[in-house]
Novice: 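Below is the structure I would like to discuss, written out as structure tokens.
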Amino acid sequence: MSRSLQQNAVVEQPAITPVVAELAARFTAEGKRLYLVGGSVRDAVLGRPTNDFDFTTDARPAEIQKLLSGWADAQWDTGIAFGTVGASKKGEIIEITTFRADVYDGVTRNPDVTFGDTIDGDLVRRDFTVNAMAFDIAAREFVDPTGGLQAARDGVLDTPATPQESFGDDPLRMLRAARFVSQLGFTAAPRVVEAMRSMAGELTRITPERVQVELSKLLCGAHPRRGIELMVETGLADIVLPELTAMKLEIDEHHQHKDVFHHSLVVLEQAIDLEDVDHSPDLVLRIAALLHDIGKPATRKFEPGGGVSFHHHEVVGAKMVRKRLRALRYSKEITEDVAKLVYLHLRFHGYGNGEWTDSAVRRYVTDAGDLLTRLHKLVRADCTTRNKRKANLLRRTYDSLEERIARIAAEEDLARVRPDLDGNEIMKLLGLPPGPQVGAAWKFLKELRLDKGPLDRDEAEAALLGWAREQGITPPAS
């Protein structure tokens, strides 16, 4: 590709806004250079949309602050220890970092921050060649010292230096490699794969919080299966998510059970296909799809006659999910949502040919709560059988369940199943002060509501009074 075409690949993208052009002119007037760099250039070359713009410059932090002073609407220095100065102008956020020539200590991923003098020197220290391209905004010059443009065209993920040097400096880059494979659909270069395989243990130097961020980005990528397979192939999963590797069960000679790992990847892909196309990736659904059978290895039992069972794997799996996601420092909300989906994903299989009572349907909806839509998607995605007749039967059966849910929801307020009497009414009717007995009465009415649906007030009061007598509670005389 000629230099002019290289330039146009970037210039024609909307990254060079009037604000950015004006800022570059200020730097040029002071004899300094301002470059668009990193992911924003990569995405421009690939024709991918981006709103994450990073800049680098030969100006030192104090010089950057001076150039921004009187021009920017606001300025901040929270990253100045790393050479980064932030600013905003007409609603645009700008972060500018002085050329870096860092040296790593080989123990942590924290470098000794050293400022550099050349753009090439700054670029060759970056993680991957596709992230080591820059664009001189004022001069309209494309800078690519490590062959990043060709790598982007070939869809290859490689490192500027040797992978051993790159990953030795910052082991998180190995997980970032899997993440970029997921996001970009690239293939990791053979030498990168080999280095990841031999250096996977170095990931223990990385904090769980950093690992979690990369894992979430990987799962929300366009090709998460490819990233996950790379993690397992190289041993990164043994460090980050060892339950994934454990799901690679050998298929017995009679082929009586599936490879749980492969099945889980198919479920993940099918769950993604069910996501709302106009919404962002659903991290909770994707984690749940990947880990829904996490409890199978621990519950596997070979039955007489060559069969295999995984009794209560959903219960064991929910506990395992909580333990792993807490270790990865996921939020309590995400952890509990995923665990609940894993726990409930088998419930539907008791539905049979529609034998559930309306009470059972109410409980299904109530237990799922706000996760009902996600549960629908997970259950449907969990059908990976190649038997078309069986697959069609499962789909029609779940269609039937959703239709019943819709019918009952139209007749009742299924989204807010509550007792027909509230706490104050319970205390007044039974003459009770606030306390455990009121809670027990409330729970009794809640169960009654699930079993029988909405009751009128007389029926609810009669049922509560009958329960109170059984509990030895004497209501006040009316």
Side-chain angles (χ1 to χ4, degrees), residues 171-172 174-176 178-179 182-183 200 203-221 224-225 227-232 234-249 260-261 263-272 274-275 279-299 310 312-347 367-379 381-382:
L172 187 64
M174 291 185 285
L175 200 53
R176 285 169 61 84
R179 188 247 286 188
S182 168
Q183 290 181 325
L203 265 184
T204 56
R205 290 162 48 187
I206 307 302
T207 65
E209 290 83 359
R210 295 278 188 178
V211 169
Q212 180 241 105
V213 169
E214 290 299 324
L215 182 60
S216 295
K217 289 179 178 179
L218 183 159
L219 287 170
C220 290
R225 176 171 183 161
I228 292 163
E229 288 177 329
L230 180 59
M231 284 177 56
V232 172
T234 57
L236 295 187
D238 294 341
I239 309 299
V240 174
L241 204 56
E243 295 82 1
L244 279 181
T245 305
M247 287 194 289
K248 290 179 68 68
L249 300 175
V260 181
F261 175 66
H263 164 74
S264 298
L265 293 179
V266 175
V267 174
L268 170 62
E269 291 180 318
Q270 293 185 165
I272 291 172
L274 294 173
E275 288 179 342
H279 289 79
S280 58
D282 188 338
L283 178 62
V284 168
L285 177 63
R286 294 188 181 200
I287 299 176
L290 180 64
L291 302 182
H292 73 286
D293 279 345
I294 192 176
K296 276 193 170 180
T299 58
F310 303 96
H312 305 302
H313 76 268
E314 75 281 11
V315 178
V316 173
K319 292 178 180 178
M320 294 174 68
V321 160
R322 285 191 180 92
K323 182 177 180 181
R324 177 53 53 195
L325 296 191
R326 286 168 181 165
L328 288 170
R329 305 294 192 269
Y330 276 98
S331 69
K332 181 178 180 180
E333 180 181 12
I334 289 177
T335 299
E336 290 305 312
D337 283 353
V338 174
K340 181 182 283 190
L341 287 171
V342 171
Y343 179 75
L344 292 174
H345 84 275
L346 280 187
R347 179 81 64 86
D367 288 348
D370 293 340
L371 296 172
L372 182 62
T373 299
R374 284 183 173 128
L375 183 59
H376 289 332
K377 294 174 182 177
L378 177 59
V379 172
D382 195 24

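In this text, all values refer to a predicted model and were calculated from it rather than measured experimentally.
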Novice: Give the C-alpha distance, both sets of side-chain angles, the deciding distance and a yes or no for salt bridge (charged side-chain N to carboxylate O under 4.0 Å, His left out) between Glu229 and Arg225.
Specialist: CA-CA 6 Å; Glu229 288 177 329; Arg225 176 171 183 161; 3.1 Å; yes

Novice: Going by ring-ring contact (aromatic ring centres under 6.0 Å, His included), name the residues that satisfy it together with His313, two or more places apart in sequence or in a different chain.
Specialist: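 Partners of His313 under the ring-ring contact (aromatic ring centres under 6.0 Å, His included) test: His345.
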
Novice: Which heavy atom in Ile272 sits nearest to a heavy atom in Pro224, and how many Å separate them?
Specialist: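 In terms of heavy atoms, the two residues are closest at CD1-CG, 3.5 Å.
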
Novice: Within the 4.5 Å heavy-atom criterion, are Glu243 and Pro297 side-chain neighbours or not?
Specialist: no

Novice: Could you walk me through whether Leu265 and Leu290 pass side-chain contact (heavy atoms from CB on, under 4.5 Å), step by step?
Specialist: CA-CA 6 Å; Leu265 293 179; Leu290 180 64; 4.1 Å; yes

Novice: As an exercise, state the distance from CD1 of Ile287 to OG of Ser216, rounded to the nearest 0.5 Å.
Specialist: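 If we round to the nearest 0.5 Å, Ile287:CD1 and Ser216:OG are 5.5 Å apart.
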
Novice: Can you tell which of Leu378, Leu375, Leu372, Leu371 makes a side chain to side chain contact (heavy atoms under 4.5 Å, CB included) with Leu344?
Specialist: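 Exactly one option meets the side chain to side chain contact (heavy atoms under 4.5 Å, CB included) with Leu344, and it is Leu375.
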
Novice: With rounding to the nearest 0.5 angstrom, report the CE to CD1 distance, Met174 to Ile206.
Specialist: 7.5 Å

Novice: So, Arg286 side chain and Leu219 main chain: donor-acceptor pair closer than 3.5 Å or not?
Specialist: yes

Novice: Give me the atom names and distance for the closest heavy-atom approach of Pro171 to Leu203.
Specialist: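 Scanning both residues, the minimum pair turns out to be O-CD2, 3.6 Å.
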
Novice: Please determine whether a side-chain nitrogen of the Lys or Arg among Arg347 and Asp367 lies less than 4.0 Å from a carboxylate oxygen of the Asp or Glu.
Specialist: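 Here Arg347 pairs with Asp367 in a salt bridge, since their nearest N and O are under 4.0 Å apart.
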
Novice: Taking C-beta and beyond as the side chain, do Leu218 and Met231 meet within less than 4.5 Å on heavy atoms?
Specialist: yes

Novice: Considering only heavy atoms from C-beta outward, does the side chain of Leu241 approach that of Leu291 to under 4.5 Å?
Specialist: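 When only atoms from C-beta onward are counted, Leu291 and Leu241 do touch, with a gap below 4.5 Å.
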
Novice: Within the 4.5 Å heavy-atom criterion, are Asp293 and Phe310 side-chain neighbours or not?
Specialist: no

Novice: Got a sec, which residues hit side chain to side chain donor-acceptor pair (under 3.5 Å) with Gln270, two or more places apart in sequence or on another chain?
Specialist: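 Checked Gln270 against side chain to side chain donor-acceptor pair (under 3.5 Å); zero matches.
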
Novice: Got a second to check how far Glu314's CD is from Lys319's NZ, nearest 0.5 Å?
Specialist: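 Here the rounded value is 11.0 Å.
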
Novice: Would you find a donor on one side and an acceptor on the other, under 3.5 Å apart, between the side chain of Glu209 and the backbone of Arg329?
Specialist: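 It does not hold such a pair.
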
Novice: How close do Leu285 and Ala271 get, heavy atom to heavy atom, and via which atoms?
Specialist: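 Between these two residues, the closest heavy atoms are CD2-O, 3.8 Å.
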
Novice: Given side chains that start at C-beta, do those of Ile228 and Phe261 come closer than 4.5 Å, heavy atoms only?
Specialist: yes

Novice: Minimum heavy-atom separation for Ala327 and Pro208, please, with both atom names.
Specialist: O-CB, 3.3 Å

Novice: With side chains defined as the heavy atoms from C-beta onward, is the minimum distance between Asp337 and Arg374 less than 4.5 Å?
Specialist: yes

Novice: Taking the side chain as every heavy atom from C-beta outward, state whether Val321 and His292 have any pair of such atoms under 4.5 Å apart.
Specialist: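 Contact flag for Val321/His292 side chains = no.
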
Novice: Looking at every heavy atom in both Ile239 and Ala200, which two are closest together, and how far apart are they?
Specialist: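 Closest heavy-atom pair between Ile239 and Ala200: CG1-O, 3.7 Å.
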
Novice: Below 4.5 Å, heavy atoms only, C-beta onward: do Lys332 and Arg326 meet side chain to side chain?
Specialist: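 Lys332 vs Arg326: side chains apart.
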
Novice: List the steps, then state whether side-chain contact (heavy atoms from CB on, under 4.5 Å) holds for Tyr330 with Val338.
Specialist: CA-CA 11 Å; Tyr330 276 98; Val338 174; over 6 Å; no

Novice: Between Pro281 and Cys220, which heavy-atom pair has the shortest distance, and what is it?
Specialist: CG-O, 3.5 Å

Novice: If I take atom CD from residue Glu214 and atom CG from residue Leu328, how far apart are they, to the nearest 0.5 angstrom?
Specialist: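 With rounding to 0.5 Å, CD (Glu214) is 12.5 Å from CG (Leu328).
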
Novice: The test is side-chain contact (heavy atoms from CB on, under 4.5 Å); show your working for His263 and Asp382 and say whether it passes.
Specialist: CA-CA 8 Å; His263 164 74; Asp382 195 24; 3.0 Å; yes

Novice: How long is the span from the CD atom in Gln212 to the NZ atom in Lys217, to the nearest 0.5 Å?
Specialist: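 So the gap between those two atoms works out to 10.5 Å.
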
Novice: Do Asp238 and Thr245 meet the criterion of a side-chain donor-acceptor pair at a distance under 3.5 Å?
Specialist: yes

